[in-house]
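See structure below.
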Amino acid sequence: MADVDELIEACTVAIHESEPLLAIRDVLRRAVLDGGWGQREATKAGLNVLHNAPELTILDVVWPPLVSILPHDHRMWAAIGIYEGAEDNAMYRRDGSTIVASGVKELRRHDVLLLGDDTIHGVHNPSRSYTGALHVYGGDLVNIERSQWDPETLLEEPYDAVGVGRSFQEAAARFTDETD
Ligand SMILES: [Fe+2]
């Protein structure tokens, strides 16, 4: 399955199953195994929205080498499938307005990770090449209000989608400079 319309259709069916997250896991496993996703280029770096609706959001996240996203929440279930490269997920749990570390999940090519609706994680591409991952969310991730946490103080603040996009572009530009 390397066709966007086919992926959207399969995910739309899956979210109406009795166990939506498990059904999404199966869809993602098929999708990342089949390959053919994304174009690992600087021009595609970022959180590319493949689908956005009230019940379902699908992103094709193209991570430049060594880029990171601050700890953040989603306030809905989520699933990640790696089709190329690697993602290191630092997991946290909420403690008042701050967070405490609760473990690390290192995802590699073809891994699928399911996240509950109270998950908080920071994500890093640990490799010197691009990572590609399909991220599926059980709601309208693009328009919901949610949080991120300052990496130094670990204090909660509004999620900064513009800042995240900028950090992806800056990391892609650094990598392009290094390889020129
Ligand atoms: Fe996330």
Side-chain angles (χ1 to χ4, degrees), residues 7 11 14-15 20-22 24-25 27-29 31-32 37-38 44-95 97-127 130-151 154-172:
L7 176 67
C11 289
I15 63 171
L21 198 44
L22 297 182
I24 288 289
R25 180 186 64 188
V27 171
L28 274 181
R29 280 180 174 164
V32 298
W37 289 102
K44 287 276 288 180
L47 291 80
N48 303 291
V49 179
L50 300 182
H51 181 72
N52 180 230
E55 291 184 307
L56 177 67
T57 300
I58 306 174
L59 307 180
D60 177 13
V61 184
V62 178
W63 302 83
L66 305 176
V67 75
S68 297
I69 291 187
L70 301 184
H72 60 272
D73 63 10
H74 313 116
R75 307 188 187 188
M76 60 190 70
W77 60 253
I80 299 169
I82 310 294
Y83 60 80
E84 192 67 62
E87 263 191 23
D88 287 350
N89 281 250
M91 314 304 291
Y92 298 86
R93 61 178 171 75
R94 183 185 276 278
D95 183 14
S97 65
T98 188
I99 52 175
V100 292
S102 63
V104 174
K105 303 228 188 262
E106 296 181 344
L107 305 183
R108 298 297 177 259
R109 187 165 180 254
H110 295 167
D111 285 343
V112 173
L113 177 67
L114 304 182
L115 304 171
D117 57 14
D118 60 352
T119 290
I120 297 168
H121 68 161
V123 190
H124 175 65
N125 174 8
S127 66
Y130 276 82
T131 283
L134 298 172
H135 289 217
V136 180
Y137 303 87
D140 181 355
L141 188 82
V142 174
N143 294 302
I144 193 173
E145 282 188 20
R146 54 195 182 101
S147 295
Q148 65 184 30
W149 281 263
D150 182 282
L154 294 183
L155 290 176
E156 187 171 6
E157 55 192 40
Y159 183 76
D160 178 11
V162 173
V164 169
R166 192 186 314 121
S167 68
F168 271 62
Q169 297 311 317
E170 288 171 353

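Whatever order the structure lists ligands and atoms in, that order sets their numbers, starting from 1. Keep in mind that this is a model prediction, so the values were computed, not measured.
The ring-ring contact (aromatic ring centres under 6.0 Å, His included) test with Trp63 is passed by exactly one of Phe168, Tyr83, Tyr130: Phe168. Residue Ile80 is tested with Leu134, Val112, Asn89 for a side chain to side chain contact (heavy atoms under 4.5 Å, CB included); the sole match is Asn89.
Listed here is the closest heavy atom pair of Val62 and Lys44: CB-O, 3.3 Å.
For the 3.5 Å distance criterion, the side chains of Glu156 and Ser147 qualify, holding a donor opposite an acceptor. The closest side-chain donor-acceptor pair between His135 and Glu87 falls under 3.5 angstrom.
With waters neither drawn nor counted, the protein N/O/S atoms under 2.8 Å from the Fe ion (ligand 1) amount to 3.
Between Arg29 and Asp111 there is no salt bridge, since none of the side-chain N atoms of the basic residue sits less than 4.0 Å from a carboxylate O of the acidic one.
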